[in-house]
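First comes the structure, then the notes that go with it.
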Amino acid sequence: MAFVSITNIVVDDKPQPFTSPITMDIYFDVIADIEDEIEWTLLYIGSPKDEAHDQILDQFSMGPLTKGTKQFTLESNPPDWKKIPSEELLGITAFILTCSYRNREFFRVGYYVYNTYTSPENIENDPQEVIIEDIARQIFNNKPRITRFEIDWNNPVNSEVQQQPIQTKAYMFQDQQEKQSADATEFYNAPHQIQNVFDS
């Protein structure tokens with residue numbers, strides 16, 4: 001049984017300036033008191049082709065936690081656009097939010113993001129130099145890719161074999177079809193399961 005269950009994440013899907021903060025309201029249930037902290041990490045995929053351009057936008061811990069329903073608002077700085085290859089700045093990419101306990105990841109959700117120029121002139125002509133003030137970011141919040149990992153919540157971290165990390169590129173961009181639509185529930189090898197909507 002999981003001691004912490006993320007029940008909902010509310011993300012604004014309206015177009016925002018690329019340089020605006022990323023905010024989300026996170027709701028979760030603590031099923032049983034936990035004595036150590038849980039750690040959240042927000043990662044932006046700078047390039048679907050190369051994980052070297054990934055950027056950690058925020059990383060923080062909270063806890064110990066007592067049993068009950070919790071909610072908080074995460075507000076993060078936007079990615080540093082100068083560290084993103086100019087040819088990868090526009091179009092589809094994604095960001096990933098993870099949550100771990102004792103260095104074991106038990107939850108991961110990915111959201112696709114679409115970046116585009118807003119003025120008709122720049123959309124049509126694609127300026128040679130990046131005009132960041134004219135780029136908008138839109139998060140697709142209707143089809144998140146959700147993974148829930150089974151971990152041992154009782155044992156200390158050194159008593160268990162460490163999980164193998166999921167490659168961010170493979171997680172969000174396995175092929176073009178998954179990039180555009182993720183309607184069917186998918187199952188990977190244990191111990192994790194990918195879903196496309198939060199459990200009701």
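This is a predicted model, so every value here is computed, not measured.
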Keeping Gln55 on the side-chain end and Leu43 on the backbone end, is there a donor-acceptor pair under 3.5 Å? no
Do Ser100 and Glu105 have side-chain atoms, one donor and one acceptor, less than 3.5 Å apart? no
Criterion side chain to side chain contact (heavy atoms under 4.5 Å, CB included) on Ile135 and Trp81, from CA distance to verdict: CA-CA 11 Å; Ile135 296 178; Trp81 65 273; over 6 Å; no
For Pro144 and Tyr111, work out which heavy atoms get closest and say how close. CB-CE2, 3.7 Å
Decide whether Asp134 and Ser119 meet the rule of one side-chain donor and one side-chain acceptor closer than 3.5 Å. yes
Can Asp50 and Ser47 be counted as having a side-chain donor-acceptor contact under 3.5 angstrom? no
Determine yes or no for a side-chain-to-main-chain donor-acceptor pair under 3.5 angstrom, with Arg148 supplying the side chain and Ala2 the backbone. no
Phe28 vs Phe72 aromatic rings, parallel, tilted or perpendicular, using cut-offs 30° and 60°? perpendicular
Are Asp12 and Lys14 within salt-bridge range, i.e. N to O under 4.0 Å? yes
Answer with yes or no whether the hydrophobic clustering places Val113 together with Val10; edges join I, L, V, M, F, W, Y residues whose side-chain heavy atoms lie under 4.5 Å apart. no
Candidates Phe149, Phe106, Trp153 - the one meeting ring-ring contact (aromatic ring centres under 6.0 Å, His included) with Tyr101: Trp153
Asp29/Ser5 under side-chain hydrogen bond (donor to acceptor under 3.5 Å, both in side chains): CA gap, chis, key distance, verdict: CA-CA 5 Å; Asp29 292 332; Ser5 175; 5.6 Å; no
